[in-house]
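Working notes, beginning with the structure itself.
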Amino acid sequence: MVRLGFIVGLIGLIGVLLSGAAAWRVYQQELAIDGIAFARAVDVHASLVQDRLTERELLARVASGLFRAPGAVRANMLQPLRSAIYAFKTDFVVAAWIARLKPPELAAAQRELADESFANPKIRDFDDQPLDIATIDKPVNVLMDIEPRNPETVTLPGRVLDGHSIVGPTLARAMVEGRPVASDPIELLRKHGPIGIVLAAPVLQEGADPAGFVSFSYELGPLMLANDDRSLFSVVLRNPQEPSSELIANEQGAVTARAIAEQHPAPSIARTVTFGGRDWSLAYYARNNAVQRAQQTAAIVAAIGLAITGIICGLFGYVAYNNLRLSREIEVRIGFERRLTAVIDELNHRVKNILAVIQSIITRTLRHGSDVDVARELLIGRIHAMSNVVTLLSESQWQGVNLKGLFESRSIPNADRIAVSGPDITVSARAAQSLSLLFFELASHSDEGLSLVGKHPHIVAHWEIAGEKPDNRFNFRWEEFNTSEATRRPDSDFGLILLDRVAPEALGGTAKRYFTDVSYVYELSAPMETVVDMNERDRTEQISAPVRPER
């Protein structure tokens, strides 16, 4: 037996080592494959973003190239370009013509804005504050036309954008560099509006300053941060205005800024795209934990290897196990026979007790001189009460009955008129039989016609546990209100014996019954140790427990 155990242990050790080596190899391969797939997905996304940005920058260059320096200030400069702009790309939020006007041209610009029926044709500051054009002594950049025109955008033309903290420096840089320039992220159209980027392209004149700027505004989410819900990553933009925060888009494309905390995980990969003469840093965070996934796959491989090892070891250990199993079966068979004998003895004891109780019920109920119809109803009810408590005990494997279950309508009459209250306790089998007959006897005598006031009695059944362990007692009180000695059915001889002697003696307690001015009262007091009877419950539990072989 020792030699066989040594061989089985050696095979198991070799199998464990091989399974661990295979799991480690799979773990490394899974990490490498996930890394390659993630990097490829990021490269594809960054390439698509760069293509998208290049197309929009090309649109700005083409639009600015189609402009000709206007001979006069006009507020509908985008009219010739509308069809071309929409044919090329239509995902911009607004397209705008920003004219660079000299001080003498401002009055004419106001008239042009008024002729185009813009909401506010006055030349004013970027935050919609009025300006005195007579005090302006240098060229300014005025928003003169916008597309599309809707109730939200028609209020924008006429604003001077030089003082804007983001748009103003963007226009100045575009004028110096002579090419399209992108702004920092900005709230478009209104305060708390969608976050986007303004791309301004200067309209150049030979030997002179730019005549103005064609600008396109794009939402940042669809422009750079859009990705498939099933993609391997989530993409964010490092905020050029605040290095300690990053911009991220939700499923609806709304962009918000979030702070980069010290404990914030670093991005898996970073990529740089170019747009509007500046570099933008995109950071990619993996949605799936590649290490955890590789560990799970390695765990599966290790489990399979260990399972195969276990099967092989099991085959070698089968002989020893078979011998042990046979010996245990013999022990179980012997223990089962002993237990069966004990169960039969216990069953005989309980059947004899039940038969003795039923014999007493029949003898006392059908004694000489009693009314046959009344006796028959009482006999059927008492036997039915005994049958119900036996059913409840069978359902609990004779380990006791919940006291409130003895008040169900199937066991006692007039259950709907009984208000039951008391702690939730489980009484022993012996106590349950006595209490079931007691409750039936009390309930069966509470329905004799109507009381003097023309109503059925109202019954209250209440119990409580008084005192401290191990001397605590079970106190039960039955009270029928709206009844009197004249209206209540008299108790039978068997009922009196049960109420005054049998039930109290079975529980080792005392009982009393009496009438008050408005009710009939029955009180029973007994030690809790006889009501619960843990010795009987332990004996029943031992008999019903499964047979186990001795160690």
Side-chain angles (χ1 to χ4, degrees), residues 60 64 67 69-70 72-78 92-177 180-203 205 208-220 240-242 276:
S64 64
F67 265 76
V73 178
R74 290 189 295 158
N76 61 347
M77 291 292 292
L78 293 178
F92 56 83
V93 179
V94 291
W97 162 243
I98 303 172
R100 186 166 180 80
L101 302 179
K102 298 176 181 179
E105 298 174 327
L106 295 178
Q110 287 190 152
R111 291 192 295 272
E112 280 288 321
L113 293 172
D115 293 341
E116 284 295 317
S117 301
F118 285 116
N120 188 355
K122 299 294 184 180
I123 302 298
R124 56 200 187 279
D125 200 354
F126 71 93
D127 57 358
D128 215 23
Q129 298 300 318
L131 290 176
D132 185 3
I133 61 176
T135 62
I136 299 176
D137 57 356
K138 61 180 180 179
V140 292
N141 297 312
V142 182
L143 179 61
M144 292 296 295
D145 197 4
I146 198 164
E147 177 64 32
R149 295 185 183 182
N150 53 48
E152 188 175 18
T153 60
V154 294
T155 61
L156 301 178
R159 299 189 181 189
V160 177
L161 303 179
D162 298 80
H164 196 281
S165 60
I166 296 178
V167 178
T170 301
L171 299 179
R173 182 184 168 193
M175 183 176 65
V176 172
E177 297 183 5
V181 172
S183 70
D184 286 335
I186 184 177
E187 295 175 346
L188 302 178
L189 297 178
R190 62 190 178 279
K191 189 176 182 181
H192 304 303
I195 297 178
I197 296 176
V198 177
L199 181 65
V203 177
Q205 302 179 103
D209 291 337
F213 305 88
V214 178
S215 70
F216 294 91
S217 301
Y218 298 96
E219 287 192 30
L220 185 59
Q241 300 169 325
E242 183 59 46

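For clarity, every value in this text was computed on a predicted model and none was experimentally measured.
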Give a yes or no on whether the backbone of Lys122 and the side-chain of Gln110 come within a donor-acceptor separation of less than 3.5 Å.
no
Under the ring pair (Phe, Tyr, Trp, His ring centres under 6.0 Å) definition, can you give me all pairs with a residue in residues 141-163, not counting sequence neighbours?
none
Side-chain donor-acceptor contacts of residues 154-166 below 3.5 Å, not counting sequence neighbours, with atom names and distances?
| unit_1 | atom_1 | unit_2 | atom_2 | d |
| --- | --- | --- | --- | --- |
| Thr155 | OG1 | Glu152 | O | 3.3 |
| Arg159 | NH1 | Phe126 | O | 3.3 |
| Asp162 | OD1 | Asn141 | N | 2.7 |
| Asp162 | OD2 | Asn141 | ND2 | 3.1 |
| His164 | ND1 | Ile166 | N | 3.1 |
| His164 | ND1 | Val167 | N | 3.1 |

Only pairs at least two apart or in different chains count here, so list each salt bridge (charged side-chain N to carboxylate O under 4.0 Å, His left out) that has a residue in residues 97-111.
none
Any side-chain heavy atom of Ser64 sitting closer than 4.5 Å to one from Pro202?
no
When you compare the side chain of Phe213 with that of Met175, does any pair of heavy atoms fall below 4.5 Å?
yes
Non-hydrogen side-chain atoms of Pro210 and Val203 separated by less than 4.5 Å:
no
Would you compute the distance between atom CD1 of Ile146 and atom OG of Ser215 and round it to the nearest 0.5 angstrom?
7.5 Å
Got a second to check how far Met144's CE is from Leu78's CG, nearest 0.5 Å?
11.0 Å
Going by heavy atoms in the side chains, are Leu131 and Leu106 under 4.5 Å from each other?
no
Backbone N or O of Val93 within a donor-acceptor pair of the Ser217 side chain at under 3.5 Å?
no
Residue pair Leu143 / Ala96: nearest heavy atoms and the distance that separates them:
CD1-CB, 3.4 Å
